[in-house]
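Working notes for the structure below.
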Amino acid sequence: MNIIKHGLRFRGSFTYRNRTDEIIWHHAEANCTVEDIHSWHLNNGWIGCGYNLIIYKDGTVHEGRPLNAVGAHASGHNSRSVGVCCIGRYDVETMPKEQLDAAKQVQAYLKGLYPGAATKRHKDVNATSCPGKNFPFSEISGASAGSVDVTTSDVQAQSSDDWCARLQKECNAQKFSKQKVDNIPGPDTLAGCPTLGRKSRGKITALMQERLNALGYDCGAVDGINGTKTQAAIKAFQRDYGLVADGIVGPKTWSKLLGLS
Ligand SMILES: [Zn+2]
């Protein structure tokens with residue numbers, strides 16, 4: 001098994017667990033990247049990504065915090081549990097086979113590392129619906145302990161990593177805002193995003209398309225033209241996130257695109 005490290009910059013130092021009694025499983029309740037989770041958790045005022053491991057839908061395994069660091073994922077249990085998060089929304093989606101296979105392998109690995117640890121869902125320890133009713137918990141937790149060889153690799157910074165910074169910069173350049181360009185979405189970022197009408201055009205429209213594409217919605221080419229395909233993608237996104245599907249990217253839609261609420 002390979003664990004991909006993202007070179008995340010944490011705002012503070014880790015504390016480390018001296019015991020690991022629980023393996024706690026989560027879903028992200030979103031289709032997103034490690035970088036997204038990291039910025040959301042920074043935005044919560046945490047030092048950064050709260051999970052130790054994150055499993056993508058393609059079956060790749062990613063490091064959030066180091067495996068033996070205390071996480072921020074299950075209130076009251078962080079100091080003695082390892083937190084694993086599967087990308088996706090398993091309240092409504094079904095887990096792809098690649099991700100399920102990877103999750104079983106991670107479970108086998110963690111059981112091997114922490115033989116006495118109990119395997120739980122987030123909802124078993126806190127008042128939450130995480131990881132969702134469709135999460136295949138019994139299949140994952142049933143994986144038996146194994147000695148899994150682990151390698152690590154570094155992810156190359158992807159172009160979407162600085163998406164928020166480029167958006168902040170463009171909103172400033174077009175005089176919609178005068179905000180700090182720090183690549184961390186916050187209230188100033190949201191306030192600086194102009195409402196994009198159904199036929200918007202330009203660099204901010206292109207950034208909106210880029211984001212929707214990265215989140216798994218299909219705007220087609222990132223061309224800065226809000227056409228038929230982009231409209232369909234916006235409306236699908238709005239429906240999925242419980243917004244009025246009007247094709248207009250106003251504050252509520254921007255807020256979801258920024259991962260703020
Ligand atoms: Zn959770």
Side-chain angles (χ1 to χ4, degrees), residues 3-4 6 8 10 14-15 17 19-96 98-100 102-111 113-114 117-143 185 215-216 240-242 255-256 258-261:
I3 299 178
I4 301 170
H6 286 245
L8 303 175
F10 284 83
F14 299 117
T15 50
R17 297 188 307 278
R19 47 191 267 215
T20 304
D21 301 333
E22 292 169 328
I23 301 164
I24 300 181
W25 286 87
H26 303 261
H27 71 153
E29 208 176 346
N31 287 298
C32 59
T33 64
V34 169
E35 282 74 17
D36 291 326
I37 295 172
H38 186 60
S39 59
W40 298 339
H41 289 181
L42 281 169
N43 215 53
N44 288 348
W46 304 347
I47 63 167
C49 179
Y51 306 113
N52 299 97
L53 292 173
I54 296 105
I55 305 171
Y56 279 20
K57 284 183 164 173
D58 65 2
T60 52
V61 180
H62 303 255
E63 182 181 274
R65 295 190 189 195
L67 204 57
N68 56 344
V70 171
H73 59 91
S75 181
H77 293 254
N78 291 315
S79 64
R80 50 192 173 84
S81 67
V82 58
V84 188
C85 177
C86 291
I87 298 297
R89 305 171 65 206
Y90 296 115
D91 45 346
V92 289
E93 294 178 327
T94 303
M95 186 176 285
E98 292 79 6
Q99 192 178 25
L100 177 59
K104 288 185 198 163
Q105 199 177 32
V106 166
Q107 172 70 9
Y109 170 57
L110 294 176
K111 268 192 183 170
L113 270 186
Y114 309 118
T119 305
K120 295 183 176 171
R121 298 166 294 190
H122 188 191
K123 68 178 174 187
D124 297 326
V125 300
N126 290 147
T128 172
S129 61
C130 176
K133 62 178 170 19
N134 297 343
F135 191 85
F137 179 70
S138 56
E139 282 186 73
I140 294 170
S141 61
L215 293 175
D240 283 355
Y241 284 81
S255 180
K256 299 289 184 195
L258 290 162
L260 292 173
S261 63

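All ligand and atom numbering here is 1-based and tracks the order in the structure.
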Checklist entry - So how far is it from L42 CG to C49 SG, rounded to the nearest 0.5 Å? => result 9.0 Å

Checklist entry - Can you list the residues that meet the ring pair (Phe, Tyr, Trp, His ring centres under 6.0 Å) rule with Y51, with sequence neighbours excluded? => result H26, H41

Checklist entry - Taking it one step at a time, do H122 and H73 satisfy side-chain hydrogen bond (donor to acceptor under 3.5 Å, both in side chains)? => result CA-CA 8 Å; H122 188 191; H73 59 91; over 6 Å; no

Checklist entry - Around the Zn ion (ligand 1), what protein N, O or S atoms are found below 2.8 Å? => result H26 ND1, H122 ND1, C130 SG

Next on the checklist: Here's one to test your reading of the geometry: is the NZ or CZ of R80 within 45 degrees of the ring axis of Y114 and under 6.0 Å from its centre?
Outcome noted: no

Next on the checklist: Closer than 3.5 angstrom, by distance alone: can the side chain of R89 be matched with the main-chain N or O of G132 as a donor-acceptor pair?
Outcome noted: no

Checklist entry - Quick one: does K133's side chain have a donor or acceptor within less than 3.5 Å of a partner on D91's backbone? => result yes

